[in-house]
Amino acid sequence: MSATTRRALLKAAPALLFTGCTPPAITTPLVKKSATVRELTAVHGFQPSRDGAGVTIRRALGHRGLAALDPFLLLDEIRSDRPDEYQAGFPEHPHRGFETVSYVLAGSFEHRDSVGNHGRIGAGAAQWMTAGRGIVHEEMPRPQDSGQLWAFQLWVNLPAAEKMTKPRYQELGSETIPTLIVDDAQVRLVAGNLAGKRGPVDGVTVKPLLMDVTLAAGAAMRQPIACDLTSSFAYVLEGAARIGSDGRELLKGQVGVLGHGDTLAVSSDAGARLLVLAGRPLGEPVARRGPFVMNTDDELRQAFADYRTGRLTG
C-alpha cells in the first residue's frame, strides 16, 4: 500500500470508527466513552394567548421569544376549570405540511374531519395526526365533571418529501401509552425509546421522543437518549425540576432548551411534572403562515389557493 493511501485511510479512520454525539478523543478501543449530559442552554417563559374561537392558551413554543426548535413548531397548553375560557373550541380549520399532536390530561376533545374520521380523545390519551397534503378538521373540548380541561397541542414539521402525503391518524388510547418506573421517576412514554421500552407512535421521520415525567420530592432520573435527537426541550407543568449535570432549576411554566448529549438528567427537590421532547432536526427552509407549513412562499400561496377552491383535501 502506498504512503498516500495509508495517509488517506488514517485520516478517514475517526469518522469510520466513531459515531458518538461528539467527536471522540484519541483513545484505545477498550476505553468506554463517558456520558455527555444534556445541559440547559436557554430558559423561556410561556406566552399567554388565545386561539381557535377564543380559547385561552399558554404558548410555550411558537411565540416571539422562542419561535421554533426544528422540527418542533408549536406547543400550546390549555388548562382551565372555567368553561368560558375554552368551550368555543377549535371549529373547522385546515392544515397542510406538518403533524399535530394532541395530548389530554383532563377532560376530552371530540374531533371530526373532511376525510370521515371522528372520535374522542379522552383523559390520558393522545392523537398523532399527519396532515400531509391537506385536511380540514375541528376539535371541540369536553370538560370532565369538575369543569376542568387540561390538554396540549404540539406541531411537528414534515420533511419536504412528505408534505404532500396522504393524511394519517394514530389514535393512542390511554391504555396504549406505557407508564414506566425509570430510576425514581414515573414516565408516560407517548413516543420514542427509553429504558428499553418504546412508545406507541411509529412511522414518524423525525424519530420523536415525547415523555410525561413525574418526580416525587427528592427523586431523580438519569437515562440515555439517542444522541441524534439533537433538538430537545423540557416544559414544566408542576413544581420545579433540575436539569443537567449542574442541576439548573426550571420552574413551572418555563421551557428549557437542552444542548447536545447522550444522557438526560432530571431531578426535583420538592416534586415536579414535566414534558420532555426530542427529535431529529430537518434542516430545511420553513415557510409558515396560519394553518400551513411548507418550504417556500410559492407552496404557501398554493396551499391557500387549494383551500379556497376546495382542492386542499383532493
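- Looking at Asp269 and Arg242, a side-chain N of the basic residue comes within less than 4.0 Å of a carboxylate O on the acidic one, giving a salt bridge.
- Contact of the Pro71 side chain with the Ser231 side chain is registered, since non-hydrogen atoms from C-beta on lie closer than 4.5 Å.
- Contacts of His137 classified as ring pair (Phe, Tyr, Trp, His ring centres under 6.0 Å), with partners at least two apart in sequence or in another chain: His93, His95.
- Note on Met221: it clusters hydrophobically with Leu258, by side-chain heavy-atom contacts below 4.5 Å among ILVMFWY residues.
- The ring pair (Phe, Tyr, Trp, His ring centres under 6.0 Å) search around Phe109 returns none, not counting sequence neighbours.
- Heavy atoms of other residues, nucleotides or ligands lying less than 6.0 angstrom from CZ of Arg79 number more than 12.
- The local environment of CZ in Arg112 is sparse, with at most 12 non-hydrogen atoms from other residues, nucleotides or ligands closer than 6.0 Å.
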Task: side chain to side chain donor-acceptor pair (under 3.5 Å) between Gln186 and Thr179, intermediate numbers included - done: CA-CA 7 Å; Gln186 177 180 290; Thr179 298; 5.6 Å; no

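- One hydrophobic cluster, built from ILVMFWY side chains closer than 4.5 Å, holds both Val101 and Trp150.
- Clustering ILVMFWY residues whenever any of their side-chain heavy atoms sit less than 4.5 angstrom apart, transitively, puts Val156 in a cluster other than the one holding Leu229.
- Every residue meeting the ring pair (Phe, Tyr, Trp, His ring centres under 6.0 Å) condition with Phe233, not counting sequence neighbours, appears here in chain and number order: Phe72.
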- [ ] Tell me, with the steps shown, if Arg311 and Thr309 meet side chain to side chain donor-acceptor pair (under 3.5 Å).
- [x] CA-CA 6 Å; Arg311 296 196 303 268; Thr309 58; 3.1 Å; yes

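- Here the closest non-hydrogen pair linking Gly122 and Val104 is O-CB, 3.6 Å.
- Side-chain atoms of Gln302 and Asp298 include no donor-acceptor pair closer than 3.5 Å.
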